[in-house]
Amino acid sequence: MDLDYIFRLLETRSYFVKQKQDFPDKHESRLPLKAMFGLQYVEPGSYKGKPTDITESLERIRKFAESGRILTACWTERRGESSLMWKNFTTKMGGCIKSTINRFVASFANDDYDICCGKMLYTGIYAGQDFTESLFTKDKAFEEEKEIRFYFNPKKGLPTSKGISIPILPDVMIKEIILSPYIEPMARDVLIQIISGKYDIVVTPSKIELKL
């Protein structure tokens with residue numbers, strides 16, 4: 001993520017989580033094909049036979065609409081750095097937070113959410129998907145991300161805003177911060193001193209060597 005987001009996390013001691021439907025991949029807010037095939041309604045009297053009961057279809061639409069509002073955090077299980085990830089998710093001034101699933105979950109300072117975690121499957125979108133599968137499935141074009149996804153389900157109601165800042169313990173969540181290989185060496189060294197000194201967090205430079 002860009003460094004301004006990292007500094008906001010450290011200063012406010014909070015983690016900002018977006019709703020699933022706000023991600024750029026259209027699949028995140030698109031009704032699964034399996035559900036779409038069940039959405040059919042014929043006006044009574046327009047054909048011989050019993051009119052289609054759309055109660056079940058409407059219920060599926062409601063559930064999917066609610067799933068789009070699920071608070072969602074996206075991480076990667078990659079152990080090493082990726083030049084493509086740096087370019088796609090940060091500007092020149094970026095950083096990577098290194099953590100573990102246990103540290104991430106344990107870092108939240110309150111117990112207001114049930115947290116669900118799973119690996120994304122890059123099997124693509126297919127007709128047989130149901131709602132649960134759609135929560136952990138992405139198009140193969142995103143396979144490079146090797147995403148670990150967290151869903152936050154509020155114990156009291158659904159979120160009313162497009163995102164929410166949840167209080168955290170940064171020293172629990174963050175095992176290490178790796179600075180972008182695109183940061184010039186002088187600025188990188190100053191940032192390491194500032195972040196590690198003020199927040200008592202391990203900060204290291206990228207291991208990717210570039211001509212800057």
Side-chain angles (χ1 to χ4, degrees), residues 1-20 22-25 70-120 142-152 154 159 161-212:
M1 63 180 70
D2 289 336
L3 283 180
D4 52 348
Y5 290 102
I6 291 180
F7 277 116
R8 182 176 68 179
L9 182 152
L10 293 170
E11 280 293 304
T12 64
R13 299 176 67 83
S14 64
Y15 184 81
F16 185 75
V17 188
K18 291 182 177 181
Q19 289 187 7
K20 176 175 175 285
D22 292 330
F23 295 147
D25 180 7
I70 293 177
L71 297 169
T72 307
C74 306
W75 289 62
T76 178
E77 65 172 332
R78 297 186 67 94
R79 297 301 178 98
E81 296 181 65
S82 165
S83 177
L84 289 176
M85 295 286 281
W86 281 118
K87 289 179 179 179
N88 287 342
F89 292 99
T90 69
T91 60
K92 177 180 179 181
M93 303 297 287
C96 172
I97 293 177
K98 190 174 181 180
S99 187
T100 66
I101 291 175
N102 287 337
R103 289 178 75 112
F104 179 77
V105 174
S107 69
F108 291 92
N110 59 43
D111 191 33
D112 295 339
Y113 301 87
D114 291 322
I115 302 176
C116 176
C117 171
K119 291 183 180 181
M120 295 300 288
F142 297 93
E143 195 168 7
E144 178 71 17
E145 296 173 357
K146 296 187 181 297
E147 184 182 333
I148 295 285
R149 177 164 291 193
F150 296 87
Y151 288 118
F152 294 76
S161 60
K162 289 193 173 184
I164 190 169
S165 292
I166 305 175
I168 63 163
L169 303 171
D171 56 325
V172 176
M173 178 183 289
I174 301 173
K175 184 177 180 180
E176 178 185 358
I177 293 177
I178 304 170
L179 295 183
S180 168
Y182 298 99
I183 301 175
E184 296 179 4
M186 184 181 295
R188 177 199 64 202
D189 294 342
V190 172
L191 284 168
I192 289 175
Q193 291 179 16
I194 292 174
I195 299 173
S196 60
K198 182 174 182 179
Y199 303 104
D200 193 26
I201 287 174
V202 176
V203 185
T204 59
S206 168
K207 290 182 172 60
I208 298 175
E209 297 183 359
L210 300 175
K211 292 180 180 180
L212 299 176

Walk me through it: do Leu169 and Arg13 pass the test side-chain contact (heavy atoms from CB on, under 4.5 Å)? CA-CA 6 Å; Leu169 303 171; Arg13 299 176 67 83; 3.7 Å; yes
Determine whether Lys20 and Arg149 make a side-chain contact, defined as any pair of heavy atoms from C-beta on separated by less than 4.5 Å. yes
Spacing of Ile177 atom CD1 and Met1 atom CE [to the nearest 0.5 Å]: 9.0 Å
Hey, what do you get for CD1 (Ile6) to SG (Cys96), rounding to the nearest 0.5 Å? 8.0 Å
Hey, does Lys175 have a side-chain heavy atom less than 4.5 Å from the side chain of Arg103? yes
Please report the shortest heavy-atom distance between Asn110 and Pro167, naming the atom on each side. ND2-CD, 3.6 Å
Take Thr72 and Lys18 through the side-chain contact (heavy atoms from CB on, under 4.5 Å) test and state the conclusion after the steps. CA-CA 6 Å; Thr72 307; Lys18 291 182 177 181; over 6 Å; no
Please answer whether the main-chain N or O of Lys207 pairs with a side-chain N or O of Glu81 as donor and acceptor at a distance below 3.5 Å. yes
Indicate yes or no for a side-chain donor-acceptor contact from Ser107 to the backbone of Val172 under 3.5 Å, with no hydrogens or angles considered. no
What class does the angle between the rings of Phe150 and Phe104 fall in, given that below 30° is parallel, 30 to 60° is tilted and above 60° is perpendicular? tilted
Return a table of donor-acceptor pairs under 3.5 angstrom between the side chains of residues 192-200 and protein atoms on other chains or two or more places apart.
| from | atom 1 | to | atom 2 | distance (Å) |
| --- | --- | --- | --- | --- |
| Ser196 | OG | Ile192 | O | 2.4 |
| Lys198 | NZ | Glu11 | OE2 | 2.9 |
| Tyr199 | OH | Glu11 | OE2 | 2.4 |

Give, for atom SG of Cys74 and atom CZ of Phe142, the distance between the pair rounded to the nearest 0.5 Å. 11.0 Å
Gap between atom NZ of Lys98 and atom OG1 of Thr76 - 0.5 Å precision: 12.5 Å
List the atom of Ile148, the atom of Cys117, and the distance in Å for their closest heavy-atom pair. CG2-SG, 3.8 Å
Distance (rounded to the nearest 0.5 Å) between Leu179 CG and Leu191 CG: 6.0 Å
Looking at every non-hydrogen atom in both residues, tell me the closest pair between Ser165 and Ser14 and how far apart they are. CB-OG, 3.9 Å
Return yes when atom CD of Glu77 has more than 12 non-hydrogen atoms of other residues, nucleotides or ligands closer than 6.0 Å, and no otherwise. yes
First locate atom CD1 of Ile166, then atom CG of Leu71, and finally report the distance between them rounded to the nearest 0.5 Å. 6.0 Å
Provide the closest heavy-atom pair for Glu144 versus Met85 in the form atom of the first, atom of the second, distance. O-SD, 4.2 Å
Which atoms form the tightest heavy-atom contact between Ile174 and Ile97, and what is the distance? CG1-CG2, 3.9 Å
Smallest separation among heavy atoms of Ile178 and Ser206, with atom names: CG2-CA, 3.9 Å
How about Tyr182 and Trp86: are their ring centroids closer than 6.0 Å? no
Ring centroids only, cut at 6.0 angstrom: are Phe16 and Tyr5 within range, meaning strictly under it? no
